[in-house]
Asks: 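One structure, as structure tokens, below. Some questions next.
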Amino acid sequence: RFVVVASLLAGLNACSTRPPAQPENLCQIFREKPEWHKAALKMNEKWGTPVHVVMAMMYQESSFKHDAQPPMRYFLFIPIGRPSTAFGYAQVKDETWADYQRETGNSWSDRDDFEDAIDFMGWYTWKAQKINGVSKWDAYRQYLNYHEGWGGYRRGTYKNKAWLMRTSRKVEARSQRYASQMRRCSL
């Protein structure tokens, strides 16, 4: 019996952490994962960031994989580590996650928990507006803040990264598609 129960629990956990089957359609994501929809609405109410903006950023960061990490680097065949400590749905670095936990009091949060990750992104975009004056509705500039950090954005470090500005345009376009989808669906 123990083996059966353990197998069922492992299966349920795998289902809850599996990326959505149709990540290009925000309505389908939320139909498949209603707990994500609830968490997204909670984030929006708490931080004021539109759901479609944060979901577009999260898609870019992790493709909705709960345990996403930067690829391992190798010297010949010997692993030498990852380029950063980014982890989870929101690809948050250790230091930034610690800042979030300290400032919000959410010390038991986990980067591989969707509700915690989306709350983090709401907090981050709220701070980007507070620190750099970037509207929470501006997916392009919010993603530049997210990638470069608030100080990097302020210094304009993204201006020498054409690939990043192209990626931010992709996030902006996905955000607009998600917004359009959300207006047409009923959840």
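Just so we're clear, the structure is a prediction, and the values are computed from it rather than from any experiment.
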Asks: Check whether the ring centres of Phe64 and Trp36 lie less than 6.0 Å apart, and answer yes or no.
Replies: yes
Asks: Under 3.5 Å, is there a donor-acceptor pair between the Glu61 and Tyr146 side chains?
Replies: no
Asks: Within a strict 4.5 Å, meaning less than it, do heavy atoms of the Gln22 and Glu32 side chains meet?
Replies: no
Asks: Assess the side chains of Gln129 and Ser135: does a donor N or O sit below 3.5 Å from an acceptor N or O?
Replies: no
Asks: Are Ser62 and Met58 close enough that some pair of their side-chain heavy atoms sits under 4.5 Å apart?
Replies: yes
Asks: Determine, step by step, whether Trp163 and His147 satisfy the ring-ring contact (aromatic ring centres under 6.0 Å, His included) criterion, reporting the C-alpha distance in whole Å, the side-chain angles of both residues, the deciding distance to 0.1 Å, and the verdict.
Replies: CA-CA 12 Å; Trp163 63 269; His147 192 277; 5.4 Å; yes
Asks: For residues Glu35 and Glu115, determine if any side-chain heavy atom of one lies less than 4.5 Å from a side-chain heavy atom of the other.
Replies: no
Asks: Is it the case that the ring center of His52 lies less than 6.0 angstrom away from the ring center of Tyr178?
Replies: no
Asks: Tell me whether the centres of the aromatic rings in Trp123 and Phe120 are closer together than 6.0 Å.
Replies: yes
Asks: Side chain to side chain contact (heavy atoms under 4.5 Å, CB included) between Met55 and Met121: does it pass, once the steps are laid out?
Replies: CA-CA 9 Å; Met55 290 296 285; Met121 293 182 94; over 6 Å; no
Asks: For the residue pair Lys127 and Trp150, would you count it as a cation-pi contact if the rule is NZ or CZ under 6.0 angstrom from the ring centre and within 45 degrees of the ring axis?
Replies: yes
Asks: Show the numbers, then the answer: is there a side chain to side chain contact (heavy atoms under 4.5 Å, CB included) between Gln60 and Tyr143?
Replies: CA-CA 9 Å; Gln60 182 62 43; Tyr143 188 73; 3.4 Å; yes
Asks: How about Lys161: does its NZ atom have over 12 heavy atoms from other parts shown lying under 6.0 Å from it?
Replies: yes
Asks: Count the heavy atoms of every other residue, nucleotide or ligand shown that sit under 6.0 Å from NZ of Lys170, and state whether that count exceeds 12.
Replies: no
Asks: In terms of heavy-atom contacts, does CD of Glu45 have more than 12 from other residues, nucleotides or ligands at under 6.0 Å?
Replies: no
Asks: Find out whether the Lys NZ or Arg CZ of Arg141 is both under 6.0 angstrom from the six-membered ring centre of Tyr153 and within 45° of the ring's axis.
Replies: no
Asks: Tell me if the NZ atom of Lys38 is crowded by more than 12 foreign heavy atoms within 6.0 Å.
Replies: no
Asks: If only side-chain N and O atoms count, and only distance matters, is there a donor-acceptor pair under 3.5 Å linking Asp112 with Tyr89?
Replies: no
Asks: Just by distance, no angles: are the side chains of Thr125 and Gln142 close enough, under 3.5 Å, to form a donor-acceptor pair?
Replies: no
